[in-house]
S.K.: 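Just dropping this structure here.
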Amino acid sequence: MRRGAVLALALAASGCVHVVPLPKEAQVHRAVTSDGWGLALVRYQAKGKPSGPPVILCHGISANARNMDLDDDVSMARWFAAHGRETWTVSLRGGGDSDRPDEASGRPAGFGFDDYWKKDVPAVVAYVKKVSGAAAVDWVGHSMGGMVLYAYLSQGGEGINAGTTLGSPTRLDWGTGIEGPLLKVAPHVEGLRFTLPSSLGAHAMAPLEPHLDDGPLERLFYNPQSTSKRAWQRLIAYGTADISSGVLMQLAAVMRTGELKSADGKLDFKKDMAGITTPVLVVAAKLDRIAVTPAVKDGYRALGGPKEWLLITRANGARGEYGHMDLVIGDRAGDEVWSKVLDFLNRHAPKEP
C-alpha cells in the first residue's frame with residue numbers, strides 16, 4: 001500500500017498497537033545517577049546455575065530497554081536468562097521509564113552522549129553489582145549502546161568483566177545514508193537545548209506498518225527477510241524513544257569529522273581505546289546501513305584487546321543477511337547472534353575457585 005494513501009490514517013490509528021506487558025518474572029528496579037536522574041532497569045534471574053556475571057543489555061539511539069525485550073518470542077534479555085545469565089535491561093536517561101528532562105526537577109533538556117558514559121553507565125554498573133552481589137558485570141550494547149561502552153572503558157571505567165558491541169561504529173562518515181540530512185540540520189540548531197520527539201512519528205506509523213510495502217526507510221534499519229513485520233511494528237510502537245539535542249550534536253560531530261570524541265573535543269575515545277584491556281567482542285552485520293561494516297571494524301582495530309571480530313553473514317554460516325536492528329530483533333538472532341555472544345562471555349567469565 002502506498003504511504004501517501006495511508007498517512008492520513010496514522011494519527012487515528014496510532015493507539016491501536018497493543019503494548020505487550022512485561023512477564024511476571026520481570027523485576028523492575030531503578031538506579032539514580034550522580035546528577036539525580038532515575039534510570040529504569042528490569043532484571044531477569046538466571047534459569048539454573050549462572051554461567052557467569054550478570055549481563056547488562058543497553059539499547060542504541062532513539063530506543064529504550066524494550067528494544068532488547070519486545071515479547072515472549074523476541075527478547076534478548078529473556079534468552080540470556082534462559083541460558084544461564086542473570087540479565088538486566090536499562091533505559092538510558094530520557095528513554096523508556098527512565099526520567100525525562102524536567103527543568104523544575106533539575107533535569108535540563110539537551111543532555112549529550114557524554115552524560116551517558118560519564119553518569120548513566122557508572123550508576124547502572126554500580127547498582128547491578130550491589131543488587132546481584134557480583135564483583136563485575138558483562139555489558140552488551142547495540143549501536144550507540146556499544147559506543148557508550150567504548151567511551152566508558154577508554155576513560156578507565158571499571159566494573160566491566162567483558163563486553164560485546166553489536167553494530168556499534170566508531171565512524172559515522174562512511175556512507176550510513178543518514179549523515180547528509182543530519183549535517184544539514186545541525187548548524188541551524190547548534191547550541192539549542194531541546195528534545196526531538198522522534199518516538200511520536202514511530203508510534204503513529206506502527207499500526208500501519210503491516211499494510212505498507214517495505215520501503216527505503218524500513219530497509220535502512222532492518223532486512224525483512226531476517227525480521228518479521230510484527231517484531232518491527234512492536235519495536236517502533238513501544239521500543240523507541242525521543243532524542244536529546246546534545247546527543248544529536250555530538251553524533252553529528254562524529255559524522256562531520258570521523259572522530260569519536262567528547263563534546264568539548266578534549267577526550268579522544270577512539271585513540272584511548274588502545275588502552276582498553278577488557279575483553280570485547282565486536283559484531284557487525286553485512287547489510288547494516290546504519291553501522292556499515294568498515295565503520296564497525298574501525299572500532300575493532302582501535303581496541304587494545306583481547307578482542308574478537310564477528311561478521312554476521314551467510315558466508316559465515318547465517319541463514320540470511322542481517323541489517324542493523326536484525327541483530328537484536330531478528331527471527332534467528334538467538335541461534336545466529338546471541339549464542340555467539342554468550343559463548344564469548346562464557347569463555348571470559350571468571351573461573352570459580
Side-chain angles (χ1 to χ4, degrees), residues 3 6-22 28 37-42 57-71 74-77 89-103 107-113 115-116 120 141-145 147-148 167 178 181-182 185-186 189 192-210 212 215 217-218 220-222 227 229-252 290 323-325 328-329:
R3 293 176 186 274
V6 299
L7 189 56
L9 302 176
L11 291 177
S14 62
C16 299
V17 178
H18 175 60
V19 177
V20 179
L22 293 172
V28 178
W37 289 66
L39 306 179
L41 299 103
V42 173
L57 304 180
C58 184
H59 59 82
I61 192 171
S62 192
N64 60 46
R66 292 304 300 269
N67 234 305
M68 331 292 270
D69 191 18
L70 279 181
D71 53 38
V74 185
S75 173
M76 186 188 302
T89 63
V90 59
S91 288
L92 299 174
R93 63 180 62 200
D97 292 327
S98 294
D99 284 346
R100 309 294 176 87
D102 180 16
E103 296 287 347
R107 300 191 301 270
F111 60 82
F113 176 87
D115 292 303
Y116 290 149
D120 291 10
H142 176 247
S143 194
M144 189 189 69
M147 297 168 68
V148 167
I178 60 173
L182 181 54
V185 172
V189 297
L192 300 180
R193 301 178 69 88
F194 63 93
T195 299
L196 181 68
S198 51
S199 63
L200 182 61
H203 296 168
M205 290 303 298
L208 303 176
E209 279 296 329
L212 297 173
L217 181 61
E218 284 82 7
L220 179 65
F221 292 101
Y222 78 106
T227 293
K229 181 74 83 169
R230 186 187 72 166
W232 172 249
Q233 181 189 31
R234 289 183 172 178
L235 183 141
I236 63 174
Y238 55 85
T240 57
D242 297 335
I243 308 175
S244 171
S245 60
V247 176
L248 276 180
M249 292 304 97
Q250 205 161 344
L251 295 184
I290 300 295
H324 193 61
M325 295 309 306
V328 292
I329 63 169

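Note: hydrogens, waters and symmetry copies are ignored here, and every other heavy atom, side chains too, is used. By convention here, the first residue in the shown sequence is residue 1. What you see is a predicted model, and the numbers here were worked out from it, not measured in a lab.
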S.K.: How far apart are the C-alpha atoms of Ile236 and His203, what are their side-chain angles, what is the distance that settles it, and do they pass the side-chain contact (heavy atoms from CB on, under 4.5 Å) test?
M.R.: CA-CA 6 Å; Ile236 63 174; His203 296 168; over 6 Å; no
S.K.: Compute whether any side-chain donor of one residue and acceptor of the other, for Ser244 and Thr195, lie under 3.5 angstrom apart.
M.R.: no
S.K.: Please report the C-alpha distance between Met68 and His142 in whole Å, then the side-chain angles of each, then the deciding distance to 0.1 Å, and finally whether the side-chain contact (heavy atoms from CB on, under 4.5 Å) criterion is met.
M.R.: CA-CA 9 Å; Met68 331 292 270; His142 176 247; 4.2 Å; yes
S.K.: Is a side-chain donor or acceptor of Asp69 paired with a backbone partner of Arg66 at a separation under 3.5 angstrom?
M.R.: no
S.K.: Using every non-hydrogen atom in the two residues, find where Phe111 and Gly94 come nearest and quote the distance to one decimal.
M.R.: CZ-CA, 4.2 Å
S.K.: Under 4.5 Å between any side-chain heavy atoms of Asp115 and Trp37, yes or no?
M.R.: no
S.K.: Any luck finding a side-chain donor-acceptor pair between Ser143 and His324 under 3.5 Å?
M.R.: yes
S.K.: Counting only N and O atoms by type, is there a donor-acceptor contact under 3.5 Å from the side chain of Glu103 to the main-chain atoms of Pro108?
M.R.: no
S.K.: Return the CG to CG distance between Leu41 and Leu57, rounded to the nearest 0.5 Å.
M.R.: 11.0 Å
S.K.: Can you tell me how far the OH atom of Tyr238 sits from the CD atom of Gln233, to the nearest 0.5 Å?
M.R.: 9.5 Å
S.K.: Ile243 and Ile61: side-chain contact (heavy atoms from CB on, under 4.5 Å), yes or no, with the steps?
M.R.: CA-CA 7 Å; Ile243 308 175; Ile61 192 171; 3.9 Å; yes
S.K.: Taking the side chain as every heavy atom from C-beta outward, state whether Met76 and Asn67 have any pair of such atoms under 4.5 Å apart.
M.R.: no
S.K.: Please examine the side chains of Phe113 and Met144, heavy atoms only from C-beta on, and report whether any two atoms are closer than 4.5 Å.
M.R.: yes
S.K.: Is Leu70 close to Val20 at the side-chain level, that is, under 4.5 Å between some pair of heavy atoms?
M.R.: no
S.K.: Taking the side chain as C-beta and beyond, is there a heavy-atom pair between Arg93 and Ser98 under 4.5 Å?
M.R.: no
S.K.: Could you verify whether a donor N or O on one side chain and an acceptor N or O on the other, from Ser199 and Asp242, lie under 3.5 Å apart?
M.R.: yes
S.K.: Donor-acceptor check, side chain of Arg107 to backbone of Arg100, threshold 3.5 angstrom: yes or no?
M.R.: yes
S.K.: Under a 4.5 Å cut-off applied to non-hydrogen side-chain atoms, are Cys58 and Leu92 in contact?
M.R.: yes
S.K.: Going by side-chain contact (heavy atoms from CB on, under 4.5 Å), name the residues that satisfy it together with Thr227, two or more places apart in sequence or in a different chain.
M.R.: Tyr222, Ala231, Asp326, Ile329
S.K.: If you take all heavy atoms of Ala241 and Ser198, which pair is closest and at what distance?
M.R.: O-OG, 2.9 Å
S.K.: Answer yes or no: is there a side-chain heavy-atom contact under 4.5 Å between Leu220 and Ile290?
M.R.: yes
S.K.: Taking Asn64 for the side chain and Thr240 for the main chain, is one N or O donor matched with an acceptor at less than 3.5 Å?
M.R.: yes
S.K.: So does Asp71 pair up with Arg234, basic N to acidic O under 4.0 Å?
M.R.: yes
